[in-house]
Amino acid sequence: MARPFSVTEIESKWQSRWLEEGTYNVDNDDARERFYALCMYPYPSGSAHQGHVRNYTFGDLVVRYQTMQGKAVLTPFGFDSFGLPAENAAIKAGSHPRIFTEARMEELKSSVLKLGAVYDWRRFVYSHDPEYMKWAQWIFIKFFEAGLAYRAMAPVNWCPGCATVLANEQVLGDGTCERSGDVVERKNLEQWFFRITDYAEELLNDVDALEWPERVKTMQRNWIGRSEGVEFDLALASDMSQSLRVFTTRPDTGFGITYAVVAPEHPLLERLTTPEQKTAVDTLVAYASSASEMERTASSDAGAGLDKRGAFTGSYVINPFTGEQVPVYVADYVLGTYGTGAIMAVPGEDERDYAFAQAHGLPIIRTIEAPADVEGSYSGDGPHINSGFLDGLFIAEAKEKAAVFLEEGSNGLRKVNYRLRDWLVSRQRFWGCPIPIIHCESCGLVPVPSDQLPVVAPDDVVMDKSGQSPLATHDGFRNVACPKCERAARREADTMDTFTDSSWYFLRYTDPFSKDKPFDPVEAAKWMPVDQYIGGIEHAILHLLYARFYVKALVDLNIAPGIEREPFKRLFTQGMIRLDGAKMSKSKGNLIAPEKYYPTVGADGLRVFHLFVGPPADDVDWTDQTEEVIEGCARFIDRLVRLAEGFDVNFHEESNAEDLSVTQAVHRTIARVTTDLDRWSYNTAVAALMELLNTLSKNARSPEGINKGVLDNGIDTMLLLLAPMAPHITAELWEQRRPAESSVHQQSWPIADPAMLVEETVTMVVQVNGKVKARLEVAPTISEAEATSIALAAPEVVEALEGHAAQRVVARPPRLVNVVK
RNA sequence: GCCCGGAUGGCGGAAUGGCAGACGCGGAGGACUCAAAAUCCUUUGCUCGAGAGGGCGUGUGGGUUCGAGUCCCACUCUGGGCACCA
């Protein structure tokens, strides 16, 4: 494609100018209104892929647009540079993860620069920077001292093929390892946790006020999974002084309890098991804790449809509602980690209990009248039956009465439970931030003194596949004197989950200059919360939840006093790019590198494509047609260049009616593009600019020509409106046309003149029975009576009425009149 | 199974309850050219018709309304999230 200008020359000229002049550097004492625009902290995966391009195109548009709106825009960049892929690559090549990571950081940085995205590079932050690690560890210690970080035994995901522990997100839905495909096993190890559950209630409540996509908010709510219920005791039939504590959200169904179930891990299981049942129970427990654990819980099938394996313990408990004895089972469908690890089972109203009762021949009693066509359990509302003092009541009222009953007689306690678990933050990996704790036999867990931070892993570590942290076998690293008693002690060998790094980087950006603290709360408060956060939907739960937790905790620990408790005011989640139906990603190897477009359509052309291809939130299918659409976007830029350079343009002196309508179109476009950019409708904003270009060029190329001032104003306005989308060519053309003025990017965003938005005439549609019969040019101020009378007088309407009188006339001046025959 | 989205020309997509298909891609025709590319112009939902013009049309079936792509009900298909959380 021959283009009317040199893409590479112009783009590299402006890119180096923005970089050298620090055009988008912004100081913390800037007097303008502030705006914090942020794209999610990227993992340095090498050169950018189209997903990055899309992300940074949107982010850069926001930065440049808000700058033209007169704001001081904070636009930082950095890297989430710790992580397993670099470690695996290093093991394979016998190299060091830092070498891989830093090479890839350079690649991605250069990709981003070639896209023309602008940042305040003085604020550059990356996770494996010792300066950053120091404060990451300092925060960990603060969490530890406040009891927010603790150690406990926990089951972790172990991949036998990779001989390493995996993060939850690396385990696929079917319980296999995303890399090797092996079935992931469960191992019990002592691990570090953050007490995120302390914040469950606040994390849930604060979701409501966030300006986030509704589906992301829903996903967060579901993940936290709040449920209200009652915890109470089921007395053992053999010894009424002993009891089994259970949790239920449906106390109203208590008359339907026909058995109870404890989890295989339940501490009381051994005592509940009678000698005759011991073999059956042991078999079940062995099965539940076996290597195929993940196969048991993870399934593509509905949970209730899974096999309901279980065994009778030999013991009985008393149903407090009926006084009857019911058997206690052990079953793996009850989780040891939720509620009390034991349940009352009500097969009549619970799907899972029903399946279990069917499989084990246990009685099923309905306690709510179900519609006639319901087979199996019924969880809907209805009057209670077979329920003594609850008979006739509906769920809400019955729940309340039943709760009071349990409170009075069975140690009942109303309780709220969450699905959310504490955050397991330790990783047996090398390429992460070391946990700054020393294990001392006499002093216990001792934080590394702050003057010894950061704890940095030594380079001469052997990274093998033993499965324990490579740091664990490095004596130089591990052996250390206890900071308290100075006796021989050992350093923690685990590193932190990389999600901890991305949980506060946006705070460090606000003040990366502080040497004596992670960030100055006063400086951070000037910028926080982030006004516009932009990223992929894949982070809808984990990253966003963790970062929200971090900020709340940092405020409460007085590390970030005065900062908004929610870090991200507005979130936009872009759609993903798909190739042949699969998400485009490095790991799938189905990338279309943006580099190939820079010499041809340029960054501007590629950016306009990403804006124009469809709604920013929607997924993009990369197809055969895509290349042609990208070229179409470059063609749009070329047509603008030719028009701006006066190619084939005719002028006339006096300004005429056509010129006025062109100027009106210019102002209408200002109004449309502005509202479109504000509501993230970038595809229609580009369409509006294409339309304006069509109007300008049509008039300028007509034999009568156009008034020069009108055309110049039209082109200048287009350059301003297009500047955030195609920053290079607009800067170049602006400089050519107005060499004495400052850059297009330093201009104010244009404002539509309201007088120019008023049209002299509008087309009024006249319908008969909803079918369009006539179009009339009328004044926009036309009255209802006037509109009605000229509509009825229109020949097409008279004809359509065939002499009948109109039954009814609906007039919506000035746009429409509908005559009902 | 539960919870969210989505379904509009050949394709990507536009449309505060008021002219369906803006804008672009692709197609067709033309201008320029020895020719091609590039560029520019015209045209392009389907269908009947020589034409004027008519009929049909936003996944399906109902409903509300003078009027529905848009609102309501019931489905179908499709994408995603969660998934034995009591």
Side-chain angles (χ1 to χ4, degrees), chain A residues 1-4 173 213-219 221-223 225-227 229 246-250 253 261 296-308 331-335 337-346 349-353 355-356 417-421 537 540-541 576 578 581 609 612-615 617-621 623-633 635-636 638-639 642 647-648 681 683-691 693-694 697-698 701 763-772 775 806-812 815-821:
Chain A
M1 184 171 50
R3 305 200 59 182
E214 222 28 68
R215 63 183 178 137
V216 177
K217 290 166 73 164
T218 305
M219 281 162 74
R221 290 190 190 107
N222 290 345
W223 188 264
R226 181 183 199 273
S227 62
V246 295
F247 173 75
T248 183
T249 56
R250 293 294 303 277
T253 60
V261 189
R296 172 175 72 84
T297 53
S299 162
S300 57
D301 207 348
L306 291 173
D307 282 352
K308 286 290 177 286
D332 59 0
Y333 81 94
V334 170
L335 307 175
T337 48
Y338 185 80
T340 60
I343 62 159
M344 62 178 225
V346 187
E349 278 77 37
D350 184 279
E351 206 186 346
R352 299 150 302 183
D353 296 344
F356 189 86
N417 267 321
Y418 299 92
R419 211 186 72 105
L420 182 71
R421 301 294 149 75
I537 188 82
I541 296 173
M576 12 173 245
R578 285 189 308 224
F609 161 75
F612 181 66
V613 66
D618 287 8
D619 289 351
V620 176
D621 272 309
T623 65
D624 295 344
Q625 191 186 230
T626 304
E627 297 291 331
E628 276 153 349
V629 176
I630 293 172
E631 288 199 7
C633 291
R635 202 175 300 144
F636 160 63
D638 291 351
R639 296 207 298 131
R642 285 193 204 94
F647 178 78
D648 204 16
S681 185
N683 52 329
T684 54
V686 174
L689 288 168
M690 287 173 166
E691 260 185 86
L693 180 63
N694 290 345
S697 91
K698 190 171 189 154
R701 265 84 189 237
T763 306
M764 185 173 80
V765 170
V766 184
Q767 301 175 328
V768 174
N769 286 348
K771 299 214 175 211
V772 180
R775 292 186 171 84
Q807 294 281 314
R808 183 176 168 186
V809 180
V810 182
R812 290 287 177 278
R815 293 286 168 199
L816 176 134
V817 175
N818 188 15
V819 179
V820 184
K821 190 165 140 185

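- Under the ring-ring contact (aromatic ring centres under 6.0 Å, His included) criterion, Phe609(A) pairs with Trp622(A), sequence neighbours left out.
- The partner of rA31(B) is rU39(B), by the rule that a Watson-Crick or G-U pair needs both atom distances under 3.5 Å.
- More than 12 heavy atoms of other residues, nucleotides or ligands lie within 6.0 Å of CZ in Arg639(A), so this atom counts as buried by the packing criterion.
- Taking atom P on both nucleotides, rA20(B) is separated from rG54(B) by 14 Å, rounded to a whole Å.
- Separating the P atom of rA14(B) from that of rU65(B) is a span of 31 Å, rounded to the nearest Å.
- Atoms OG1 and CD, on Thr218(A) and Glu214(A) in that order, are 5.5 Å from each other to the nearest 0.5 Å.
- In this structure, rU70(B) forms no base pair with any nucleotide, since neither Watson-Crick nor G-U wobble geometry is met with both distances under 3.5 Å.
- Atoms CD1 and CG, on Ile541(A) and Asn222(A) in that order, are 8.0 Å from each other to the nearest 0.5 Å.
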N/O contacts under 3.5 Å, protein versus nucleotides 23-28 of chain B?
from: rG24(B); atom 1: OP1; to: Asn694(A); atom 2: ND2; distance (Å): 3.2
from: rC25(B); atom 1: OP1; to: Arg635(A); atom 2: NH1; distance (Å): 2.5
from: rC25(B); atom 1: O2; to: Gln625(A); atom 2: OE1; distance (Å): 2.7

Using a cutoff of under 3.5 Å, can you pull out all pairs of nitrogen or oxygen atoms linking the protein to nucleotides 61-67 of chain B, with atom names and distances?
from: rC66(B); atom 1: OP1; to: Arg808(A); atom 2: NH1; distance (Å): 2.8
from: rC66(B); atom 1: O2'; to: Asn818(A); atom 2: ND2; distance (Å): 3.4
from: rC66(B); atom 1: O2; to: Asn818(A); atom 2: ND2; distance (Å): 2.6

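- Counted by atom type alone, Asn818(A) and Arg812(A) present zero donor-acceptor pairs between their side chains at under 3.5 Å.
- Across all strands shown, nothing is found opposite rU65(B) as a Watson-Crick or G-U wobble partner with both distances under 3.5 Å.
- Between Ile537(A) atom CD1 and rC3(B) atom C1' the separation is 14 Å, expressed in whole Å.
- Across the P atoms, rA74(B) and rG5(B) are found 15 Å apart, a figure rounded to whole Å.
- For the pair Asp353(A)/Ile343(A), a side-chain contact is recorded, criterion being any heavy-atom separation below 4.5 Å from C-beta on.
- Between Thr763(A) and rC19(B), a side-chain N or O to OP1/OP2 separation shorter than 4.0 Å is absent.
- On the P atoms, rU44(B) is 14 Å away from rG24(B), given to the nearest whole Å.
- Residue-level contact check: Ser227(A) touches the backbone only, with heavy atoms under 4.0 Å from sugar-phosphate atoms and none from bases.
- Interatomic distance, CG of Asp621(A) versus CE of Met576(A), reported as 9.0 Å (0.5 Å rounding).
- Within the shown strands, rG45(B) is the pairing partner of rC56(B) under the Watson-Crick or G-U definition, both distances less than 3.5 Å.
- Nearest-nucleotide positions on RNA chain B place Val613(A) closer to the 5' end than the other of Val613(A) and Val817(A).
- Considering CZ of Phe612(A) and CG of Leu689(A), their distance stands at 11.0 Å, rounded to 0.5 Å.
- Between the P atom of rA7(B) and the CG atom of Asp619(A) lies a distance of 13 Å, rounded to the nearest Å.
- Look at NZ on Lys698(A): it is 17 Å from C1' on rU39(B), rounded to the nearest Å.
- Base orientation of rG13(B): anti, since the glycosidic angle falls outside 90° of 0.
- For Gln767(A), the side-chain hydrogen bond (donor to acceptor under 3.5 Å, both in side chains) test picks out no residue, with sequence neighbours left out.
- With distances taken from any side-chain atom of Arg642(A) to the nucleotides rU39(B), rA86(B), rG1(B), the minimum falls on rU39(B).
- Across the strands present, rC82(B) finds its partner in rG1(B); the criterion is a Watson-Crick or G-U wobble pair with both atom distances under 3.5 angstrom.
- Taking atom C1' on both nucleotides, rG26(B) is separated from rG17(B) by 34 Å, rounded to a whole Å.
- Asp648(A) has its side chain out of reach of Arg642(A): every pair of non-hydrogen atoms, C-beta onward, lies at least 4.5 Å apart.
- If you measure from atom CG of Asn222(A) to atom C1' of rC2(B), you get 9 Å, rounded to the nearest angstrom.
- Classified by interplanar angle (parallel below 30°, tilted 30° to 60°, perpendicular above 60°), the ring pair Phe247(A)/Tyr338(A) is perpendicular.
- Arg226(A) comes within 4.0 angstrom of nothing in the nucleic acid, heavy atoms only.
- With both ends at atom C1', the span from rA22(B) to rA15(B) equals 8 Å, rounded to whole Å.
- Atom OG in Ser227(A) sits 12.5 Å away from atom CZ in Arg250(A) (nearest 0.5 Å).
- Pair assignment for rU76(B): rA7(B), on the basis of Watson-Crick or G-U wobble contacts that are both within less than 3.5 Å.
- Under the Watson-Crick and G-U wobble criteria, each requiring two contacts below 3.5 Å, nucleotide rG12(B) is paired to rC23(B).
- The same atom, P, is picked in rG80(B) and in rG13(B); the two are 16 Å apart, to the nearest Å.
- With sequence neighbours excluded, the residues satisfying side chain to side chain contact (heavy atoms under 4.5 Å, CB included) with Ala342(A) are Leu244(A), Val246(A), Val262(A), His266(A), Thr340(A).
- The nearest whole Å value for the distance from the CZ atom in Phe356(A) to the P atom in rC84(B) is 16 Å.
- Side-chain N/O atoms of Lys771(A) include one lying less than 4.0 angstrom from OP1 or OP2 on rC56(B).
- In this structure, CG of Asp624(A) is placed 14 Å from C1' of rG10(B), rounded to the nearest angstrom.
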Determine, step by step, whether Val820(A) and Asn769(A) satisfy the side chain to side chain contact (heavy atoms under 4.5 Å, CB included) criterion, reporting the C-alpha distance in whole Å, the side-chain angles of both residues, the deciding distance to 0.1 Å, and the verdict. CA-CA 5 Å; Val820(A) 184; Asn769(A) 286 348; 3.9 Å; yes

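- Distances shown here put a side-chain N or O of Arg419(A) below 4.0 Å from the OP1 or OP2 atom of rA83(B).
- In this structure, CG on Asp638(A) lies 10.0 Å from CD on Glu631(A), to the nearest 0.5 angstrom.
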Under 3.5 Å between N/O atoms: give me all the protein pairs with nucleotides 14-16 of chain B, atom names plus distance.
from: rA14(B); atom 1: OP1; to: Asn683(A); atom 2: ND2; distance (Å): 3.0

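- At whole-Å resolution of the value, CH2 in Trp223(A) and P in rG80(B) are 18 Å apart.
- rG55(B) sits 29 Å from rA7(B) when the P atoms are compared, rounded to a whole Å.
- With distances taken from any side-chain atom of Thr218(A) to the nucleotides rU42(B), rU39(B), rC3(B), the minimum falls on rC3(B).
- rA83(B) atom P lies 11 Å from atom CG of Leu335(A), rounded to whole Å.
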